[in-house]
Enquirer: 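Below is a structure I'd like to ask you about.
Proteins come first, then strands; the chains are lettered A, B, ... in the order of their sequence lines, and each starts at number 1.
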Amino acid sequence: MVNNIFRFNNYFYSMLNNFVRVRFAPSPTGPLHLGGVRTALYNYLFAKKHGGTFILRIEDTDQKRFIPNSESYIIETLKWCKIEPDEGVGYGGDYFPYYQSKRHNIYHYYIDKLLKNGDAYYAFDTDSDLNKKRKEYNDRGLTFSYNYQNRMSLKNSLNMTEKELYDQLKHSSYVVRFKVKPGEKFNIYDLIHGNIIVNTDYLDDKILLKSDGIATYHLANTIDDHLMKITHVLRGEEWLSSMSFHILLYKSFGWIPPNFAHLPLILRKDGKGKISKRNVDNKISDFPIFPIQWKVPNTKTIIPGYRELGYFPEAFVNMLAFLGWNPGTKNEIFSLQELINSFSLEKVTKSSAYFDIKKANWFNKKYLNKNKEKIFLALLKELNKRSLKYKKNFIWKIIDMIIDRINFIHEIWEHSFYFFISPSYYDINFFKKICNEKSLLQLERLKILLTNISPFTYKNLKYFFFKKQETNKNKYEVMQLLRFSLVGILKGIDVFIIIEILGKKESKQRIDNLISKIKEKIRTFFLKKEHKNIDLH
RNA sequence: GGCCCAUUCGUCUAUUGGUUAGGACGUCAGGUUUUCAUCCUGGAAAGAGGGGUUCGAUUCCCCUAUGGGCUACCA
């Protein structure tokens, strides 16, 4: 018989009372990655959607894996994304402390309860004891599991007299394990995955309290979620397997479990598992996985994040939201407020996703127009760097002409420099092609043509080039030469706009520059040739 | 190996028994731009496979395959 009791928990109750409390609970073991930020985002969106509270809790139960600066990294990331917590580490609240490392006495209080009611027991097996067992099982093609089948033959309080137990507790270190009752089948309900049938025969007796006296994630997490009145647990799918065990814990304490929603994972493109913060070190990932830059401790290495790479936080958040969730509309550009308004757990996908950096870039481009002020500042910075002074209006005019050609702010200079400075570099392939007398002649003619054009306006320039010069069969070539001398590459906006903006004098000067460059090249070429001839003799 | 989850164009996804299976990114072609990009128009592109249930399955069930998670005194 399947027990259906956990399907109807406090979900409807909490929704009806507009009382939603969710938590984002990372461990300080390094920087957050894409998946972590998305989990935080969904928690935030869900909380805001229901007028609830978004809590930040630091799960620092593993001292060995602690990495300094993780916490500040997490908070800075949430700030950058504009999804700040209402409560928790760095934000205060009535359910403090929000560090699990500061809640030892709480966990001990509750573990005693479990010990007393027989749902937990002491275990004294050492690492080497267990490793030996694992090897034994492995040699027989089996997997060792500390469970109901063999717990009675292991070193624990279940098969000790009171005196033996007393002596052991006095003299050796111990862990506390949860005692799973075998032979039970029940239903657990996940808001995204639906009903899942659990058979306790497959569960193992998980450790609740480590030998250093610190609670494991499982215990701490369960107690904290209850005590902090968390209504919905939104976390990564890697926790789905532990959910049944967590439900059992709630049951043991006599508590109503919160609602669970296990979010799909973000997978690596190479099909080798979920993304992890370690991917960056191994250079496995083909896309950046950190939201903001991470300074690797004890080294000088700095790994740039999306912020440093030029992504707007709004674009980053928009893109992340759509990776595993979809409102079903055709439009995909959503502000944070729009995301909040349309967010729902029912629309979260069940399956894992592969990340596509090209789509991320497209999202960023879509946010360029909303960040024009920042583009202006970036361009101004480039000009200041070169001690160039231009009127505001002029700079804005250039930005308006260039904005469609870029994806990121930092691309503005390479697409607009030619309005401010003469090209310092010529595209080598095209330059090679035009290193000849014919081009020189054409360039000289161009100069004369420009000299004669008056007034020097876009309209007039176009007229002279196309109408008056219609006998010229090499129009295309001439245009290329003109653009090349002005820009240095065969790219950029309408060449007549460029000339008009540059003016007659500057345009002619740039043609002259190219002429002398070509002459120089031809000269050195012949010199080399002569040397070769001499060498031959 | 065991347990669990998933499976629609290359990628993100829509569709909750009846659709010419829709959109977005990317890609390709054409147009505009005498360049390049933008932009516009159009094209190619998907229900993992096999069984059921049904008048009818992408949708429900089972099996297989594939991918993923968990299987730690890590979270």
Enquirer: What's the gap between G22(B) and U16(B) when it is taken at their C1' atoms, as a whole Å value?
Expert: 16 Å

Enquirer: Considering only side-chain heavy atoms of Asp62(A), which listed nucleotide, U34(B), C74(B), U13(B), is closest?
Expert: C74(B)

Enquirer: Look at the side chain of Ile196(A) and decide which nucleotide, out of C5(B), A6(B), C73(B), has an atom nearest to it.
Expert: C5(B)

Enquirer: Please state how far atom CD in Glu238(A) lies from atom P in C3(B), giving the value in whole angstrom units.
Expert: 22 Å

Enquirer: Find the distance Lys133(A):NZ to C73(B):P and express it as a whole number of Å.
Expert: 15 Å

Enquirer: Ala215(A) or His193(A): which one's nearest nucleotide on RNA chain B is closer to the 5' end?
Expert: His193(A)

Enquirer: Under 3.5 Å, is there a donor-acceptor pair linking the side chains of Thr126(A) and Asp129(A)?
Expert: yes

Enquirer: Around atom NZ of Lys210(A), are there more than 12 heavy atoms from other residues, nucleotides or ligands closer than 6.0 Å?
Expert: yes

Enquirer: Would you indicate what Leu265(A) reaches in the nucleic acid, counting non-hydrogen atoms under 4.0 angstrom: base, sugar-phosphate, or nothing?
Expert: sugar-phosphate

Enquirer: Check whether the side chain of Thr143(A) and the base of G2(B) form a donor-acceptor pair under 3.5 Å.
Expert: no

Enquirer: Can you check the distance between G67(B) and C28(B), where both ends of the measurement are the C1' atom (answer in whole Å)?
Expert: 30 Å

Enquirer: State the pairing partner of G42(B); accept Watson-Crick or G-U wobble contacts with both distances under 3.5 Å, and report none otherwise.
Expert: C28(B)

Enquirer: Nearest-Å distance, CD (Gln149(A)) to C1' (G2(B))?
Expert: 11 Å

Enquirer: Counting the atoms with a prime plus P, OP1 and OP2 as sugar-phosphate, which does Thr29(A) contact under 4.0 Å by heavy atoms, base, sugar-phosphate, or nothing?
Expert: nothing

Enquirer: Is any N or O donor-acceptor pair between the side chain of Lys359(A) and the base of A24(B) shorter than 3.5 Å?
Expert: yes

Enquirer: Hey, can you tell me if Phe355(A) and Phe287(A) have their rings parallel, tilted or perpendicular (30° and 60° cut-offs)?
Expert: tilted

Enquirer: Please determine, for the side chain of Ile207(A), which listed nucleotide (A72(B), U7(B), U35(B)) has the closest atom?
Expert: A72(B)

Enquirer: With both distances under 3.5 angstrom, what nucleotide forms a Watson-Crick or G-U wobble pair with G1(B)?
Expert: U71(B)

Enquirer: Which whole number of Å gives the distance between the C1' atom of U8(B) and that of G47(B)?
Expert: 4 Å

Enquirer: Give me the distance, rounded to whole Å, that separates U15(B) from C9(B) when you measure between the P atoms they each carry.
Expert: 16 Å

Enquirer: Counting only heavy atoms not in Lys365(A) (residues, nucleotides, ligands), do more than 12 fall under 6.0 Å from its NZ?
Expert: yes

Enquirer: Which of the following nucleotides, U35(B), U13(B), C73(B), is nearest to the side chain of Asp127(A)?
Expert: C73(B)

Enquirer: So, does Lys274(A) get its side chain near the phosphate of C70(B), meaning an N or O under 4.0 Å from OP1 or OP2?
Expert: yes

Enquirer: Give one of base, sugar-phosphate or nothing for Asp60(A), where a contact means two heavy atoms less than 4.0 Å apart.
Expert: nothing

Enquirer: Given A24(B), C73(B), G68(B), which nucleotide is nearest the side-chain atoms of Glu332(A)?
Expert: A24(B)

Enquirer: So which of Glu237(A), Lys350(A), Arg235(A) actually passes side chain to side chain donor-acceptor pair (under 3.5 Å) with His262(A)?
Expert: Arg235(A)

Enquirer: Find the partner of A21(B): check Watson-Crick (N1-N3 plus N6-O4 or O6-N4) and G-U wobble (N1-O2, O6-N3) distances, both under 3.5 Å, and reply none if neither fits.
Expert: none

Enquirer: Rounded to the nearest Å, what distance is computed from the CZ atom of residue Arg134(A) to the C1' atom of nucleotide G2(B)?
Expert: 15 Å

Enquirer: May I ask you to say what Arg235(A) touches in the nucleic acid, namely base, sugar-phosphate or nothing, with a heavy-atom cut-off under 4.0 Å?
Expert: nothing

Enquirer: For U13(B), take OP1 and OP2 only and decide whether either is under 4.0 Å from a side-chain N or O of Thr349(A).
Expert: yes

Enquirer: Measure the distance from CD1 on Ile403(A) to P on A37(B) and round it to the nearest whole Å.
Expert: 19 Å

Enquirer: Look at the side chain of Tyr354(A) and decide which nucleotide, out of G67(B), G22(B), C25(B), has an atom nearest to it.
Expert: G67(B)

Enquirer: Mind checking the P distance from G1(B) to U19(B)? Whole angstroms is fine.
Expert: 40 Å

Enquirer: Would you classify Thr61(A) as touching base, sugar-phosphate or nothing, given that sugar-phosphate means primed atoms plus P, OP1 and OP2, and contacts are heavy atoms under 4.0 Å?
Expert: sugar-phosphate

Enquirer: Check each of Asp224(A), Asp60(A), Asn221(A), Asp62(A) against Gln100(A) using the side chain to side chain donor-acceptor pair (under 3.5 Å) test, and report the only one that passes.
Expert: Asp224(A)

Enquirer: Counting neighbours of OH on Tyr174(A) that are heavy atoms of other residues, nucleotides or ligands and sit closer than 6.0 Å, is the number greater than 12?
Expert: no

Enquirer: U66(B) pairs with which nucleotide, Watson-Crick or G-U wobble, both distances below 3.5 Å?
Expert: A6(B)

Enquirer: For Lys330(A) and for Thr216(A), locate the closest nucleotide of RNA chain B by heavy-atom distance; then report the residue assigned to the nucleotide nearer the 5' terminus.
Expert: Lys330(A)

Enquirer: By the 4.0 Å heavy-atom rule, please label Asp494(A) as base, sugar-phosphate, or nothing.
Expert: base

Enquirer: Roughly how many Å apart are A44(B) and G26(B), using the C1' atom of each and rounding to a whole number?
Expert: 13 Å

Enquirer: In the strands shown, is C60(B) matched to any nucleotide by a Watson-Crick or G-U wobble pair with both distances under 3.5 Å, and which?
Expert: G52(B)

Enquirer: Counting heavy atoms from C-beta on, name the nucleotide in A6(B), G26(B), C12(B) closest to the side chain of Ser351(A).
Expert: A6(B)

Enquirer: Between G10(B), C3(B), U34(B), spot the one nearest the side chain of Asp356(A), thanks.
Expert: G10(B)

Enquirer: Output yes when at least one side-chain N/O atom of Lys210(A) is less than 4.0 Å from OP1 or OP2 of C74(B), else no.
Expert: yes

Enquirer: Select one nucleotide: of G67(B), G22(B), A14(B), the one nearest the side-chain heavy atoms of Leu267(A).
Expert: G67(B)

Enquirer: Counting distance alone, no hydrogens or angles: does the base of C4(B) have a donor or acceptor under 3.5 Å from a partner atom on the side chain of Ser241(A)?
Expert: no

Enquirer: Between C39(B) atom P and Trp362(A) atom CH2, what is the distance in whole Å?
Expert: 10 Å

Enquirer: If we take the C1' atom in both G18(B) and U58(B), what is their distance in whole Å?
Expert: 12 Å

Enquirer: Report the distance from atom CD1 of Ile333(A) to atom C1' of C25(B), rounded to the nearest whole Å.
Expert: 11 Å

Enquirer: Is the shortest side-chain N/O distance from Lys347(A) to OP1 or OP2 of U15(B) below 4.0 Å?
Expert: yes

Enquirer: Between U59(B) and G52(B), how far is it from one P atom to the other, in whole Å?
Expert: 14 Å

Enquirer: Using a heavy-atom cut-off of 4.0 Å across all strands, would you classify Gly324(A) as base, sugar-phosphate, or nothing?
Expert: sugar-phosphate

Enquirer: Hey, can you tell me if Phe363(A) and Phe322(A) have their rings parallel, tilted or perpendicular (30° and 60° cut-offs)?
Expert: tilted

Enquirer: Rounded to the nearest Å, what distance is computed from the CG atom of residue Leu208(A) to the C1' atom of nucleotide C74(B)?
Expert: 15 Å

Enquirer: Which is true for Arg177(A) with a 4.0 Å heavy-atom rule: it touches a base, it touches only sugar-phosphate, or it touches nothing?
Expert: sugar-phosphate

Enquirer: Does any nucleotide pair with U35(B) by Watson-Crick or G-U wobble geometry, both distances under 3.5 Å, and what is it?
Expert: none

Enquirer: Do the rings of Phe290(A) and Tyr73(A) sit parallel, tilted or perpendicular, given the 30° and 60° boundaries?
Expert: perpendicular

Enquirer: Reckon Lys366(A) touches a base, only the sugar-phosphate, or nothing at all at heavy-atom distances under 4.0 Å?
Expert: nothing

Enquirer: Looking only at side-chain atoms of Leu240(A), point me to the closest of C4(B), C25(B), C74(B).
Expert: C4(B)

Enquirer: For the rings on Tyr189(A) and Phe260(A), is their centre-to-centre separation under 6.0 Å?
Expert: no

